[in-house]
Amino acid sequence: MADNKALTTRAADFSAWYNELIMRAELADYSPVRGCMVIRPNGYAIWEQMQRALDQMFKDTGHQNAYFPLFIPQSFLAKEAQHVEGFAPETAVVTHGGGKLLEEPLVVRPTSETIIYSMYAKWIQSYRDLPLLINQWANVVRWELRTRLFLRTTEFLWQEGHTAHATEAEAEEETLMILGLYRTFMEQWMGMPVLTGRKTDSERFAGALRTYSCEALMQDNKALQAGTSHNLGQNFARAFDVQYQSADGAMEYVWNTSWGVSTRLVGGLIMTHGDDTGLVCPPRLAQYQAVIVPIYKTDEERGTTLEVAQRIRADLQKAGFRIHVDARDGLKPGAKYYEWEARGVPLRLEIGPRDVGNGVATMARRTGGPKEPLPFADIVARFGQEVDRMQQGLLATAIARREANSLRAPKSKQEFIDFLAADGGFVYAGWCGDPAVEEEIKQ
RNA sequence: CGGGACGUAGCGCAGUCCGGUAGCGCACCUGAAUGGGGUUCAGGGGGUCGCGGGUUCGAAUCCCGCCGUCCCGACCA
């Protein structure tokens with residue numbers, strides 16, 4: 001790697017630590033375009049793992065993937081009054097195509113409600129067409145004033161689910177089901193505990209009836225909005241005339257939901273588990289759950305340890321684990337350790353002549369503690385235990401930290417003020433379980 | 001859009017006050033040795049000094065203008 005100095009510590013400057021970690025772990029890089037980022041292979045691999053898990057969860061709950069266009073006619077955005085008010089200020093607009101001025105400017109989607117519900121109007125005729133449960137994986141563009149790698153970039157990757165239902169109750173059920181699905185993913189895959197709740201009117205999605213959110217505590221004692229699920233009511237159905245004929249022959253507007261999580265989750269992962277050495281990636285989302293480092297002096301030792309390393313990799317891969325053998329020559333083992341630790345690989349297996357002689361691999365955990373020998377004989381079982389233990393351990397650690405910092409919704413304005421005065425680690429970042437209390441606090 | 005810092009090799013920086021041959025560390029390339037926690041030695045390649053103008057015999061350095069980046073705030077997946 002290009003830099004072998006220590007990271008700025010979290011305690012010294014959390015923002016600097018965050019930026020340096022991303023560069024060191026080669027997760028992303030700044031692009032020539034202001035506010036945009038390049039997601040490098042190490043970072044994209046984490047996003048791919050997230051996509052894989054979420055995509056399966058969506059499909060298991062009856063959703064299908066589709067793809068809608070990047071460009072939206074500008075007039076579409078204006079059809080829902082609150083929606084245009086919320087998003088128009090931060091859109092990128094295409095005015096020319098093929099060297100000619102366009103008759104109607106095209107908005108680069110900041111979100112896809114309008115283009116999707118314009119299509120739903122064509123596809124939905126009967127109550128038999130409902131519910132319609134569609135998700136898309138896409139990029140969107142929002143012209144933010146201030147950007148940060150993964151957390152808020154001008155262009156970002158996300159999934160957006162868009163559903164249509166016959167009744168308000170069904171739409172609400174879907175909205176809350178997805179909120180729970182997000183929570184399961186964030187806790188069980190990312191090891192990131194979240195509080196779920198309803199946003200206030202002022203922080204509600206532009207055009208929604210109700211917005212629910214997952215909020216997670218980061219190590220700087222700030223909360224991160226990690227995902228949102230909206231009950232859109234009939235606002236978009238009316239704006240785009242999405243009607244169906246009910247069983248008794250009446251024409252009714254559908255009830256919609258939309259919900260999304262983005263590459264911001266990668267930022268949340270970093271800020272939840274990262275330490276002053278670099279990234280700490282939960283095993284379920286790690287590109288590699290372990291890296292095997294062969295250690296040798298002579299060519300003969302090199303041949304032996306590499307052969308054993310490859311055999312162990314094959315065994316572990318057969319059992320479904322993701323393993324990498326770092327066979328690069330000319331780098332001392334210690335240099336490899338530092339590099340893989342910065343990248344967050346959960347487990348490391350060292351295999352040197354002594355290990356081969358003892359019939360073990362020496363295992364080191366990214367989360368610290370003494371190294372341990374894993375006998376070749378039952379390495380697959382032991383490895384699986386370690387993976388599970390680390391996955392659960394990371395969540396437990398994050399929960400304990402949250403408890404220690406008292407992240408919870410204030411129950412009254414006075415409680416909020418008291419916490420601020422005491423500086424007791426109370427976290428308030430635009431989330432509150434009770435909208436009424438939050439409105440009161442804002443005053 | 002307000003406040004602050006900055007822009008010199010891929011990265012991090014010195015040099016700027018006081019104008020005079022473009023430097024250092026890391027990374028990279030070649031060779032040899034080394035190898036259980038960031039190897040060592042030797043050799044080597046790489047630069048419109050952010051851009052434009054001005055002053056000057058001469059500008060990374062002084063003057064004017066512009067552009068860009070990062071950090072902190074107001075707004076947001």
Side-chain angles (χ1 to χ4, degrees), chain A residues 1-8 13-20 23-24 26 29-37 85-87 89-91 109-113 138-161 182 199 202-206 208 211 213-216 224-230 258-268 277-278 293-299 301-302 305 328-342 348-358 360-362 364 371 373 429-430:
Chain A
M1 280 186 286
D3 183 3
N4 64 0
K5 287 187 296 190
L7 290 175
T8 298
D13 184 340
F14 195 81
S15 287
W17 166 81
Y18 178 82
N19 290 334
E20 288 174 22
M23 291 299 164
R24 184 73 56 82
E26 298 180 346
D29 204 347
Y30 295 102
S31 86
V33 181
R34 171 188 154 97
C36 295
M37 70 169 170
E85 190 185 327
F87 283 104
E90 55 184 53
T91 53
R109 63 183 166 214
T111 179
S112 301
E113 274 76 8
N139 58 339
V140 289
V141 167
R142 298 181 187 178
W143 217 259
E144 303 286 356
L145 292 175
R146 190 172 162 214
T147 57
R148 298 207 54 200
L149 294 171
F150 288 112
L151 298 174
R152 193 186 306 102
T153 45
T154 300
E155 177 189 8
F156 57 92
L157 306 184
W158 77 346
Q159 58 71 217
E160 48 181 325
Y182 282 161
K199 302 289 269 191
S202 61
E203 304 212 322
R204 197 178 53 196
F205 177 77
T211 287
S213 165
C214 297
E215 304 277 339
L224 180 77
Q225 179 175 307
T228 47
S229 183
H230 317 287
S258 72
W259 27 275
V261 295
S262 71
T263 36
R264 171 179 282 182
L265 289 178
V266 178
T277 305
V293 179
I295 296 162
Y296 47 82
K297 291 187 180 126
T298 64
D299 279 352
E301 287 177 348
R302 181 171 188 273
T305 55
R328 287 176 297 175
D329 218 346
L331 272 182
K332 290 183 75 172
K336 294 180 181 179
Y337 301 165
Y338 277 93
E339 184 173 316
W340 288 106
E341 282 166 8
R348 181 178 71 242
L349 300 177
E350 303 167 11
I351 298 175
R354 289 207 298 268
D355 299 305
V356 173
N358 295 335
V360 301
T362 298
K371 296 180 183 180

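We name chains A, B, ... by the order of the sequence lines, and we start the count at 1 in each one. Scope of the values below: all heavy atoms of this structure, side chains included, with no hydrogens, waters or symmetry mates.
- For CH2 of A:W143, the number of neighbouring non-hydrogen atoms (other residues, nucleotides, ligands) closer than 6.0 Å is 12 at most.
- Distances from the side chain of A:L145 to the nucleotides B:C1, B:A77, B:G36 place B:C1 closest.
- One cannot find a donor-acceptor pair under 3.5 Å joining the base of B:G35 and the side-chain atoms of A:K336.
- Residue A:Y30 is classed as a sugar-phosphate contact, given heavy-atom separations below 4.0 Å to backbone atoms only.
- With a cut-off of 3.5 Å on both pairing distances, B:U16 has no Watson-Crick or G-U wobble partner at all.
- A:N19 has no side-chain polar atom (N or O) that falls below the 4.0 Å cut-off from OP1 or OP2 of B:C70.
- The two residues A:R328 and A:Y296 have their closest heavy-atom pair at O-OH, 4.0 Å.
- The two atoms that bring A:H230 and A:T211 nearest to each other are ND1-OG1, 2.8 Å, heavy atoms only.
- Evaluation of atom-type donor-acceptor distances gives no pair under 3.5 Å for the side chain of A:E301 against the base of B:G36.
- Counting any heavy atom pair closer than 4.0 Å across all strands shown, A:P89 reaches no nucleic acid atom.
- Of the two residues contacting RNA chain B, namely A:E144 and A:E341, the nearest-nucleotide position lying further toward the 5' end is that of A:E341.
- A straight line from CE of A:M23 to C1' of B:C70 spans 11 Å, rounded to a whole angstrom.
- As a whole-Å value, the separation of A:E90 CD from B:C75 P is 13 Å.
- A donor-acceptor contact under 3.5 angstrom links the side-chain atoms of A:D329 to the base of B:G35.
- Comparing the P positions of B:A60 and B:G19 gives a spacing of 14 Å, expressed to the nearest Å.
- Closest to the side chain of A:S15, from the set B:C71, B:G36, B:A77, is B:C71.
- For A:E113 and B:A77, the CD to P distance is 12 Å, given to the nearest whole Å.
- A:G330 comes within contact range of at least one nucleobase, with a heavy-atom separation under 4.0 Å.
- The ring of A:Y338 lies on top of the base of B:G38, close enough and flat enough: under 5.5 Å between centres, under 30° between planes.
- A distance of about 10 Å separates the C1' atoms of B:C49 and B:U61, rounded to the whole Å.
- Using the Watson-Crick or G-U wobble rule with both distances under 3.5 Å, B:C76 pairs with nothing in any strand shown.
- Pair assignment for B:C49 gives none, since no Watson-Crick or G-U wobble pairing has each distance under 3.5 Å.
- Only the P atoms considered, B:A9 is 12 Å distant from B:A14, to the nearest whole Å.
- Counting to the nearest Å, the C1' atom of B:G36 and the CD1 atom of A:I295 are 5 Å from each other.
- Rounded to a whole Å, the CG atom of A:L151 is 11 Å from the P atom of B:C71.
- The side-chain tip of A:R264 does not point at the ring of A:F156 from less than 6.0 angstrom away and within 45° of straight on.
- In this structure B:C41 sits in a base pair with B:G31, meeting the Watson-Crick or G-U test at under 3.5 Å.
- Taking atom P on both B:G12 and B:U56, the two are 37 Å apart, rounded to the nearest angstrom.
- Under the Watson-Crick and G-U wobble criteria, each requiring two contacts below 3.5 Å, nucleotide B:C26 is paired to B:G10.
- One can find a donor-acceptor pair under 3.5 Å joining the base of B:G37 and the side-chain atoms of A:R348.
- Taking 4.5 Å as the limit, some side-chain heavy atom of A:F205 sits within range of a side-chain heavy atom of A:E113.
- Residues A:P333 and A:I295 approach most closely at CG-CG1, 3.9 Å, considering heavy atoms.
- As the counterpart of B:G36, no nucleotide is assigned, since no Watson-Crick or G-U wobble pattern has both distances under 3.5 Å.
- Looking at heavy-atom distances under 4.0 Å, A:G352 makes contact with a base.
- Contacts of A:T362 with the nucleic acid, taken as non-hydrogen atoms under 4.0 Å apart, include base atoms.
- Of the listed nucleotides (B:G36, B:A77, B:U39), B:U39 has the atom at the smallest distance from the side chain of A:A335.
- A:E85 has its CD atom 14 Å from the C1' atom of B:C75, to the nearest Å.
- For the C1' atoms, the distance from B:G20 to B:C66 is 29 Å, rounded to whole Å.
- The C1' atoms of B:G4 and B:G36 are separated by 48 Å, rounded to the nearest whole Å.
- Across all strands shown, B:G58 forms no Watson-Crick or G-U wobble pair with both distances under 3.5 Å.
- With hydrogens and angles left out, the side-chain atoms of A:S112 and A:E160 include a donor and acceptor closer than 3.5 Å.
- The separation between A:K332 atom NZ and B:A33 atom P is 16 Å, rounded to whole Å.
- Rounding to whole angstrom units, CZ of residue A:R302 and C1' of B:G36 are separated by 17 Å.
- Considering only the side chain of A:Y296, B:G35 comes nearest among B:C76, B:G35, B:G36.
- Comparing B:A27 with B:C63, their P atoms sit 38 Å apart, to the nearest whole Å.
- Taking atom P in both B:A59 and B:C75, one finds a spacing of 49 Å when rounded to whole Å.
- You'll find a donor-acceptor pair under 3.5 Å spanning the side chain of A:R152 and the base of B:C76, going by distance alone.
- If you check every strand for non-hydrogen atoms under 4.0 Å, A:T153 touches a base.
- Nucleotide B:U69 forms a pair with B:A5, judged by Watson-Crick or G-U wobble geometry with both contacts under 3.5 Å.
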- Task: Apply the test side chain to side chain donor-acceptor pair (under 3.5 Å) to residues A:T277 and A:E341: give CA-CA distance (whole Å), side-chain angles for both, the deciding distance (0.1 Å), then the verdict.
- Result: CA-CA 7 Å; A:T277 305; A:E341 282 166 8; 5.4 Å; no
- Query: Do A:E215 and A:K199 pass the salt bridge (Lys or Arg N to Asp or Glu O under 4.0 Å) test, and can you show the C-alpha distance, the side-chain angles, and the key distance before you say yes or no?
  - Reply: CA-CA 10 Å; A:E215 304 277 339; A:K199 302 289 269 191; 3.1 Å; yes
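- For the pair A:G35 and A:K371, both in contact range of RNA chain B, the more 5′-proximal nearest nucleotide belongs to A:K371.
- Stacking between A:Y337 and the base of B:G38 is absent under the criterion of ring centres within 5.5 Å and planes under 30 degrees.
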